[in-house]
There are 2 protein chains.
Amino acid sequence: MTITQLKYVLAVAEHQNFTKAAQKTFVTQPTLSMQIQKLEEELSIQIFDRTKKPIELTAIGKKIVNQARNIVNEADRMQDVVDQEKGFIGGVFKLGIIPTVMPTLLPMFLKNFTKRYGKVQLKIEELTTDEIIHKIKDGHLDAAIAATPLEIESIKERVLYYEPFVGYIPEHHRLFDKQKIEGKDLDLDDILLLEDGHCFRDGVVNLCKASKLQAGDSFQLESGSFETLIKLSNEGLGMTLLPFLHTLDIPNEQKSYLRYFTEPSPAREVSLLYNKNELKLQIINALYESISGVIRGAIAFQDVKIISPKAKN
Amino acid sequence: MTITQLKYVLAVAEHQNFTKAAQKTFVTQPTLSMQIQKLEEELSIQIFDRTKKPIELTAIGKKIVNQARNIVNEADRMQDVVDQEKGFIGGVFKLGIIPTVMPTLLPMFLKNFTKRYGKVQLKIEELTTDEIIHKIKDGHLDAAIAATPLEIESIKERVLYYEPFVGYIPEHHRLFDKQKIEGKDLDLDDILLLEDGHCFRDGVVNLCKASKLQAGDSFQLESGSFETLIKLSNEGLGMTLLPFLHTLDIPNEQKSYLRYFTEPSPAREVSLLYNKNELKLQIINALYESISGVIRGAIAFQDVKIISPKAKN
DNA sequence: ACCATGTAATAGATTTTATCGATACAAAAT
DNA sequence: ATTTTGTATCGATAAAATCTATTACATGGT
């Protein structure tokens, strides 16, 4: 049994296809076939059921794959040990970010971070919370930023900041004249929300549920970005809710439409997520420090009420 | 980096000597030299300081060795996964037992166990508690039986049984006429104990401390086995204490010298110890079941007061 | 039934790697 | 100084991993 063989097994298990797995591992397909056969022989078990199309893991194959992942993870960690000792922070690092955090948070810390940690090659991907969960679990992401708490077994969460929600209330709206709004003022049929998969909505939906309605399910409109939402709102289609950081760069003439919540303000918790195996922990720590450092200045400390994206489950 | 290289590193780290490590790993010394150099090159670090005699680990070398152990442990566990799936219980299993448990417990379960699990090649070694701790930590033992609680980080304890102490009181001794004895009856200067390293004594010493004396340290006599102790006791050199199982096979004419404690009787806790990495867990489980099964019949359930071998620290 | 397609297994050649035996070299012990 | 003990180096060899080319085997479509 070699580490290489185990990596091959993981690749085939992932792609359910020897040929594709071969490309990903930069070897030819016969190499994979042979090495995996050799491993199966050594262990005297069948890892893959090759009669199925596409290829499938056998019952024991699944356990083998799990253990293989453990071994490969520990092996990868060897480089971490070396890097840590050398004080070296570098290498490829894959970070996932949910869409409603990406545009505001990324510009705030990216330049600073890459300047400080030039050896780290950040690969950032915009992903939904579900995609993030899967990709952290199977090691395709080193870390991610999403609304929490998720409380997923095998994923660690480190809170970056609490981001209050702010109401965006167009003229002629029934709440326009209030200086501060409260959760119970909200009406689900009255709020423009982002499309499904954006976990921001989860927070808001729960906020509304918690404060008022039974949520009659059907919303009036769904859109892809807060910019659109604001425009729709301006057209008189209803109010909307924006995470605090998004309110920082809306045009001045529209700022008068912002209505903060009375404290404790509803807020979302945004955290850094990573696999509990803690691979590349040094980079994760560096990221955490960078982000929470830059955020400390941006979000005024205030009394907030956390809205869980998971509460609806 | 290969698993083989990591095993070589572990061997050299253990023996502090390439030549000996080579013998243990069944390769030649140049093979070790080359493979370890290759690994050092790949990681761009020095694992060993070869200027020192005997050879030493560098600072980072120690961390590398730790991680190497993690990887190799996970790799070894692959066979466990396969065995578990196949319901196969077998292979070499190294078990350590402390001297004061060995002669009584071993005969009770060994025959039964080997009959039931013929595929397991038990290698049993008589060791002191300290030796056991070290050897479990570095993987030279798969499990051990000793008096607990030890509460060692990285070692798991599963209690096998509680073994009451029984007084062996010769004629003309001041306690001879009592039907049952109590902890406070004991006097350290008056008891024959086993030599240091036998953790049984720890228990007794603590028993005495707890019940009476400040333990003026110097004992009158120290010996190597309970048999000797009994004989010395018969010669009028004082009373002694025996673990319950040892009292089962003393000659009938001497049984009249046994004095049980009033309940709750002082007792020692005897446990199965194994590394928290849980390698070969199936065999450990099998052992546990075998031993606690045979013990259930042998030790009458009674109210006991546990004497910790560690309390003196 | 036959063929096209996608995919894995096999065979043989080639390259790479691990290991060995012999020996050189260094440091400590005598 | 010489012997002992132990590691590094060298060249040869055996073992292995990988490659290219090809075959085998399904599956679905015609």
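In what follows, chains are A, B, ... by sequence order, proteins preceding strands, each numbered from 1.
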Distance-minimising heavy-atom pair for B/E40 and B/F48: OE2-N, 3.2 Å

For A/F26 and A/K52, find the nucleotide of DNA chain D closest to each by heavy atoms; which residue's nucleotide sits nearer the 5' end? A/F26

Scan A/F48 against the nucleic acid and name what it touches under 4.0 Å (heavy atoms): base, sugar-phosphate only, or nothing. nothing

Restricting to nitrogen or oxygen on both sides, can you table the protein-nucleotides 7-10 of chain C pairs closer than 3.5 Å?
{"unit_1": "C/dT7", "atom_1": "OP1", "unit_2": "A/N17", "atom_2": "ND2", "d": "3.4"}
{"unit_1": "C/dA8", "atom_1": "OP1", "unit_2": "A/F18", "atom_2": "N", "d": "2.7"}
{"unit_1": "C/dA8", "atom_1": "OP2", "unit_2": "A/F18", "atom_2": "N", "d": "3.2"}
{"unit_1": "C/dA8", "atom_1": "OP2", "unit_2": "A/T19", "atom_2": "N", "d": "3.0"}
{"unit_1": "C/dA8", "atom_1": "OP2", "unit_2": "A/T19", "atom_2": "OG1", "d": "2.8"}
{"unit_1": "C/dA9", "atom_1": "OP1", "unit_2": "A/R50", "atom_2": "NE", "d": "2.3"}
{"unit_1": "C/dA9", "atom_1": "OP2", "unit_2": "A/S33", "atom_2": "OG", "d": "2.7"}
{"unit_1": "C/dA9", "atom_1": "N7", "unit_2": "A/Q29", "atom_2": "NE2", "d": "2.8"}
{"unit_1": "C/dA9", "atom_1": "N6", "unit_2": "A/Q29", "atom_2": "OE1", "d": "3.2"}
{"unit_1": "C/dT10", "atom_1": "OP2", "unit_2": "A/Q37", "atom_2": "OE1", "d": "3.1"}
{"unit_1": "C/dT10", "atom_1": "OP2", "unit_2": "A/Q37", "atom_2": "NE2", "d": "3.4"}

Given atom CD of B/E56 and atom P of D/dG6, what is their separation to the nearest angstrom? 16 Å

Check the distance between D/dA17's P and A/K7's NZ and give it to me in whole angstrom. 15 Å

In whole angstrom, give the distance that lies between atom CG of B/D49 and atom P of D/dT7. 13 Å

Taking side chain as C-beta onward, heavy atoms only, is B/R158 less than 4.5 Å from B/Y274? yes

Between B/E85 and A/K63, the two heavy atoms sitting closest are OE1-NZ, 2.8 Å

Side chains of A/E125 and A/K94, heavy atoms from C-beta outward: is any pair under 4.5 Å? no

Round to a whole Å and report the spacing from CD of A/Q35 to P of C/dT16. 16 Å

I want to check one thing: is the phosphate of C/dG21, taken as OP1 and OP2, less than 4.0 Å away from some side-chain N or O of B/T28? no

Cut-off 3.5 Å, no hydrogens considered: what does the side-chain donor-acceptor table look like for residues 21-31 of chain B, sequence neighbours left out?
{"unit_1": "B/T25", "atom_1": "OG1", "unit_2": "B/A21", "atom_2": "O", "d": "2.8"}
{"unit_1": "B/T25", "atom_1": "OG1", "unit_2": "B/A22", "atom_2": "O", "d": "3.2"}
{"unit_1": "B/T28", "atom_1": "OG1", "unit_2": "B/T31", "atom_2": "OG1", "d": "3.0"}
{"unit_1": "B/Q29", "atom_1": "NE2", "unit_2": "B/S33", "atom_2": "OG", "d": "3.1"}

Identify the two heavy atoms, one from B/Q37 and one from B/R50, that lie closest to each other, and give their separation to 0.1 Å. CG-NH2, 4.4 Å

In whole angstrom, give the distance that lies between atom CG of A/L39 and atom P of D/dA16. 15 Å

